[in-house]
Protein chains: 2
Amino acid sequence: MLAVQEFFENSDYAVSVVDLVNHFKEEMNKATVYRILSRMESEGMIHSFNGMDGLTWYAACKHCSHDHHEDQHPHFQCKKCGRVECLEISLPIPKVKDHKIDSEIVLLVGECNNCQS
Amino acid sequence: MLAVQEFFENSDYAVSVVDLVNHFKEEMNKATVYRILSRMESEGMIHSFNGMDGLTWYAACKHCSHDHHEDQHPHFQCKKCGRVECLEISLPIPKVKDHKIDSEIVLLVGECNNCQS
DNA sequence: TTGTTATTGCAACCTTGTTGCGATAAATTA
DNA sequence: TAATTTATCGCAACAAGGTTGCAATAACAA
């Protein structure tokens, strides 16, 4: 579990579960990776969300504990390099007629600074 | 293909691919459902997106053809009944420093009118 | 040391989604 | 109409993400 923990430390980027399983495949079993990830998520160390690709992505939490989970920020995915980033901004929740809206899941898609030539 | 087409006509609701395969399982094969769905999508009759659950959801297009696909609207999912709806509104694309944003994928989560007691 | 609990590896499994291929149906052409 | 081409379908097998049961090991406490 420590190795996975260290992996997320000091990273603003999200990682897909496929990349994680691949990254640790010499070190630990696929099932173990999944178990560690869900444990870390329930303890508020990381949060998960779905990428455009349908995969589950994980990223480090900044200000969360197991009873206070603040993962409502939007994510950004660069369509060139595929990197996914957590954005530490809060978007206004839109008002829609006849709908009581509690939260919104936002994935912004575009080009990151590195990929803009 | 006709049966699937009729299924989407006059519906503002999105359907998960699992529900679709299940709904047509007496009538046609799983592979056929998938093939019809991707054909209908490429012809601009329906559009797809990823739900919170990681599943693919499909919904009827309103003003699309095979060369003009306008599926950038937000979706709304009721967390009580699970129904997913297309919202015919357009949200402003937020500006984020150091990021060139082309589009945004938005899933609003809350309670629909039916479920609010 | 002994007993208890948490963590892991492995294999088997489930689910979503795709593909190759032979069979059937529909549309073309002669 | 008959022959031929083309599109569609069913089936089975497969791939990839993800989960689970169970035995083995590691960590911890009495």
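Side chains are part of it too, since the values below use all heavy atoms of this structure and drop only hydrogens, waters and symmetry mates. Below, chain A is the first sequence line, B the second, and so on; all start at residue 1.
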Using the benzene-type ring in the case of Trp, are the ring centres of B:H23 and B:F7 under 6.0 Å apart? yes
Parallel, tilted or perpendicular: which one describes the rings of B:W57 and B:F49, with boundaries at 30° and 60°? parallel
Does any donor-acceptor pair link the side chain of A:K30 with the base of D:dG18 at a separation under 3.5 Å? yes
5' priority, DNA chain C, between B:N29 and A:M28 [closest heavy atom]: A:M28
How many Å lie between CG on A:N50 and C1' on D:dG18, as a whole number? 13 Å
Interatomic distance, CD@B:E6 vs CE@B:M1, rounded to 0.5 Å, equals 11.5 Å
D:dG18 OP1/OP2 closer than 4.0 Å to side-chain N/O of A:T56: yes
Quick one: is D:dT8 close enough that its OP1 or OP2 comes under 4.0 Å of any side-chain N or O from B:T32? no
Does the base of D:dG10 carry an N or O that pairs as donor and acceptor with the side chain of B:R35 under 3.5 Å? yes
Grab the CE-C1' distance between A:M40 and C:dT7 for me, whole Å please. 15 Å
Within less than 4.0 Å of OP1 or OP2 of D:dT8, is there a side-chain N or O belonging to B:R39? yes
Using atom CG of B:L37 as one end and atom C1' of D:dC9 as the other, report the distance to the nearest whole Å. 15 Å
Atom CG of B:L55 and atom P of D:dG18 are separated, to the nearest Å, by 11 Å
Separation of B:E43 atom CD from D:dA7 atom P, in whole Å? 13 Å
Checking all strands, does B:V21 fall into the base, sugar-phosphate, or nothing category for heavy-atom contacts under 4.0 angstrom? nothing
B:H47 and side-chain hydrogen bond (donor to acceptor under 3.5 Å, both in side chains): which single residue from B:Q72, B:H73, B:K62 fits? B:H73
B:E27 or A:G54: which one's nearest nucleotide on DNA chain D is closer to the 5' end? B:E27
In whole angstrom, give the distance that lies between atom CE of B:M1 and atom P of D:dT8. 8 Å
Look at A:Y34 and D:dT19 and indicate whether a side-chain polar atom (N or O) is within less than 4.0 Å of OP1 or OP2. no
Can you see whether A:H99 engages B:E111 through a side-chain donor-acceptor pair at a distance of less than 3.5 angstrom? no
Mind calculating the distance between CZ (A:F24) and P (C:dG9) to the nearest angstrom? 12 Å
For B:L20 and C:dT15, give me the distance from atom CG to atom P, rounded to whole Å. 18 Å
